[in-house]
Amino acid sequence: MTPSLKTKFYIPKPRTNSISRPRLIEALHNGLQKKLTLLSSPAGFGKSTLLSQWANGFKRSVCWLSLDSEDSDLPRFLSDLITAIQTIVPEFGLGIDRVLQVPQQPNTKSLLKTLINDLTDIPKKVILVLDDYHVCDSVQVDDALTYLLEHQPAGLHLVISSREDPNLPLARLRVQDQLNELRAADLRFTQEEVTSFLQKQTGLGLSQHQISILEKRTEGWIAGLQLAAVSLSGHKNTREFIESFSGSHRFVLDYLVEEVLNQQSETIKHFLQVTSILDRFCGSLCDAVLQDASVSSQETIEYLENSNLFIIALDNSRQWYRYHHLFADILRQCLHHQVSVKSDGKNVLSELNHRASLWFEEQNLTIEAFKYGARAGDFNDALRLAEGKGIPIYYQGAAVPVINWLRSLSSSELNSDPRLLVMYASALLANGRNSEVESKLLAAEAVLEPIGSEINHQDLKGQIATQRALLAAPYYQADSLLKYSRQALKNLDAENLTSRAIANWTLGFAYQLTGNTKAAGEAYYTAVSIARQTGNLFVDILASTGLGLIQEADLKLSLAVKTYQQIVDSVGEPALPTTCEAYLGLARIRYERNEIEWAEKTVLTSIQLAQQIEHADTFVAGQLLLIKIYLTQGKTTAASELLKAVEESVRENQFNEQIPDVAAAKVDILLIQENQKAAALVADSHDLPLCKARIAMNQGDAERAFGILTNEFNIAEEKNEPTKQLHALILLALALWKKGEKQPALNRLSKAMDLAEPAGILRSFADKGLAMLPLLNEAMKKEVRPDYTGSLLEVFAKNASNIKQESSEIKSSPHSLLEPLSKRELEILRLVAQGLSNQEIGQQLFIALDTVKGHNRNLFAKLGVQRRTEAVSRAHELGII
Amino acid sequence: MQKHGTGKSDMSQVMTFQIRVKGHLDQHWQDRFHGWEIQRCENGDTLLTGPVVDQSELFGILRKVRDLGIPLLSLNRLKSVLPHDHGSDG
């Protein structure tokens, strides 16, 4: 995401001659122990001025955010919130901020939690001011703030100013006495304030009567009084001014702005009106828009500032300014009115916007250049600017302005131009609104053919296909991915590097899913080199990760480590969520090499990053690796608890791709718990051949295991899948060993070692369990790769303590139960086995029927059964009764 | 100047609304208020009367009133299409 303008985080300087308002400052101070201060009143009641006066009193605790309409986009709002807090706590929320920098929809709930945790960690009081909250028109932002208020750390005080009551639980906060409110009635100038203000501003020595006329006419409305003061200063006859002002019914602003403008020279009037089209301005920008060599904009700005003409400095260096919103509104209105009176009125406005757009473009401020280009109303220009230099602006966090522009077009304009529709689709996709994309693509296709020749049909077709490929990626739809990627690459322009990089990545992904690793590698490689040409870090990471995965599957682990490490290094600290796969790859390899602690640390990073991406299943793969790590460390209970959580999230999110791996992890745990029966059930129902083979071996059926494994090995060899070959070979060696065929077993083991040793693989052997030990001892005796065999035996020795500890844990709860039965439960179990009903059991033990039922429930859960009969047979099986 | 969505709306569904605000608004605001008729009442109020195709257009206009800090007094939907000064807001 392109960072927001620094001026949004600047606490405005109060005007030197503004009056002090001690009663309101005190009210603000007194509210600090509450959660929220709300300044709610119409425009022009001095909310921002009051807050800036107050905030400048203790800058070190105040962070300021002047919201604009772009903050209606929740990720942008959160990013700005963090930047604001960083102005007083520089190290705050760096990790979260990075998450918001990539065009991947973040998981906002987990982000908010992290944000609140980070806020809790700040050792000092933080006052967060959100100025102009009304411009932020978004239920998502309201919800996020509501969540923040509900979990607000004690050190945080929130201040919101708004022209309308925000959609927050205000009533509840009021009841809880957590809301400090300042409303129009509090904010408007009192008679004393009007008096002191007018004296200070005009220095005219007005009579009490005159002051009260002005107060009555403006009703204490500060914007009105300010304009009145400026008018008065420039007016020759005070009495005449006050009389005609109070005698008029005209809307205060209309009356006074006209007064003020009439007192200015034509040059100044023109300057004010023309520059009112600018949301913010500096001298050079005004020069570019005015195009009048006789006027120095810098000097004019200084004059406006000295004359109090509603100009607000946006930074310390007095470079950027804006007009007071109300004043700008009326100036713009006058400009509009004037130019529309002329016959070519519309062109004047669009010319002015066009000049502003050009200026911003020269400064490489592409997003603002786009905004003015769009206002100028020139399609082609706006289109060109949205496409940006190198990477389109909607891929740089400016999807919302592009969407807003396209939405502002009439449907006849929009639906007749396929370029606009394709861009609409891209911006929606970049904004994570995947479900809305296809309809725009269809609409684009419908008008693609009949339109004139200035449009590049081929390239648009390619872009449409690229987006369809991207839509298919999260669903692992290999067929669609392949079809659309090819279609995209056939049609895309050679110069359309952004789309070509993406399409090569989706192509690589498609090949990878279909097992064509060679072609996948080539496509990824192309994607990486194009992405690096344009500085497209996002596609670079995705495609490089693909390369790493292929290298890993080929057992080129050292190369894979290099690839993954490079991804991690290229991003630096804090890490981007997109790098979660790279971290996971590193963790897997470290695990294989038995660097367990390091692997654990790395996989935790990966999980944490992956959870920040919406709808991504990578964290499940990370948790499955963590389960393996726990098992290695002898933490069976932790492993099975984590598995339960994983099963739940897979079910909830329908991560169906992960189901076989989850089942395999379940088998691992069940086998360690010596629950062969349940393990066999899981392996059968999910068709996991390697698991089936291990279970067959455990049950003494080495012959059957051998059959399954031979088949598996042949398939893996045919498909050239070294990792699968390796696992099949190790188990084959074990099966042969169990069959008593020692030499063939050693041959297979040696073959497995051929594959594994160069990669430094250890755990694939060790994880097959203690049954490996006699085989490895024999290999040592026969001097089969003695160094390597030696290091494998070392792994067993190292883990022996863990494994022993674990098995003694099992033995001590003598029945292979995770949790031992209580004395009472055992008693009840025996009575159940004797065939007693619950009521009879209750009578015999002198306990209530419900109590018996409660004990039964616990009992069944511990035994892992549903019914009484099952409980009895399981108890027999375990030798409990 | 103002774009009315797709223009597909059935004109029979167009509703007429009248907004009463405090103070006399100048004629030049007509552009901003979607070309609505601006009538200045003797008591110093202004009546803004005009058609809206839907609620979002109505809220757009109310937002403009809000953003100018013009005190809003009343909002009525008119039964007849003809806007008149008398008796339109009860």
Side-chain angles (χ1 to χ4, degrees), chain A residues 40-47 132 134-135 137 162-165 184 188 217-219 221-224 227 246-258 324-341 345-346 349 377 407-415, chain B residues 1-11 18-50 52-75 85 89:
Chain A
S40 184
S41 78
F45 273 91
K47 296 183 289 291
D132 286 338
H134 58 270
V135 297
D137 186 15
S162 176
R163 289 180 187 172
E164 60 185 35
D165 281 3
R188 69 173 82 244
R217 176 69 171 98
T218 58
E219 297 182 57
W221 189 35
I222 298 172
L227 275 163
S246 65
S248 159
H249 275 315
R250 279 178 74 195
F251 176 45
V252 176
L253 279 191
D254 278 342
Y255 187 92
L256 292 173
V257 170
E258 197 178 296
H324 190 286
H325 292 310
L326 275 175
F327 192 57
D329 233 346
I330 298 199
L331 289 175
R332 260 198 299 274
Q333 185 54 39
C334 295
L335 176 70
H336 237 272
H337 189 61
Q338 269 194 5
V339 296
S340 61
V341 171
K346 242 187 156 178
L349 273 181
R407 213 168 27 197
S408 78
L409 301 174
S410 76
S411 65
S412 54
E413 283 168 325
L414 181 66
N415 288 328
Chain B
M1 283 188 62
Q2 197 65 32
K3 283 157 195 123
H4 282 186
T6 60
K8 267 184 263 168
S9 320
D10 184 353
M11 285 309 278
Q18 187 168 71
I19 296 170
R20 184 182 282 270
V21 295
K22 197 166 181 187
H24 280 171
L25 281 189
D26 285 359
Q27 203 56 39
H28 66 76
W29 289 108
Q30 199 164 24
D31 274 359
R32 279 283 285 277
F33 289 106
H34 299 199
W36 279 25
E37 189 177 332
I38 294 179
Q39 282 177 287
R40 288 173 278 273
C41 312
E42 275 178 26
N43 66 357
D45 295 349
T46 299
L47 289 172
L48 299 163
T49 314
V52 295
V53 288
D54 55 19
Q55 289 285 306
S56 49
E57 189 182 4
L58 180 61
F59 279 112
I61 287 186
L62 289 177
R63 182 162 289 196
K64 281 172 199 186
V65 173
R66 179 198 78 181
D67 284 339
L68 287 167
I70 309 173
L72 172 69
L73 297 176
S74 73
L75 168 68
D85 193 355
D89 74 295

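Chain letters run A, B, ... following the sequence lines, proteins first, then strands; residues in each count from 1. All values below come from the heavy atoms of this structure, side chains included, with hydrogens, waters and symmetry mates left out.
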What part of B/Asp45 lies closer than 4.5 angstrom to a heavy atom of chain A: side chain, backbone, both or neither? neither

The residue among B/His28, B/His24, B/Gln27 that forms side chain to side chain contact (heavy atoms under 4.5 Å, CB included) with A/Asp254 is B/His28

When heavy-atom pairs shorter than 4.5 Å are enumerated against chain B, which of A/Arg250, A/His134, A/Glu258 gives the highest number? A/Arg250

Tell me, side chain or backbone of A/Asp137 under 4.5 Å from chain B's heavy atoms, or both, or neither? side chain

Can you tell which of A/Leu326, A/Val252, A/Asp329, A/Asn415 has the highest number of heavy-atom pairs within less than 4.5 Å of chain B? A/Asp329

Side chain proximity check, B/Asp26 to A/His337, heavy atoms < 4.5 angstrom: no

Considering only heavy atoms and a distance below 4.5 Å, find which of A/Gln333, A/Arg163, A/Arg407, A/Glu219 pairs most often with chain B. A/Gln333

Go through the steps to decide whether B/Asp67 and A/His325 satisfy the test side-chain contact (heavy atoms from CB on, under 4.5 Å), and finish with yes or no. CA-CA 9 Å; B/Asp67 284 339; A/His325 292 310; over 6 Å; no

Roughly how far, to the nearest 0.5 Å, is the CZ atom of B/Arg63 from the CD atom of A/Glu164? 6.0 Å

Residue pair A/Phe251 / B/Thr46, side-chain heavy-atom distance below 4.5 Å: no

Considering all heavy atoms of both residues, which atom of A/Pro42 and which atom of B/Gly69 are nearest to each other, and what is their separation? CB-CA, 4.4 Å

With a 4.5 angstrom heavy-atom cut-off, could you sort out which part of A/Ile330 is near chain B: side chain, backbone, both or neither? both

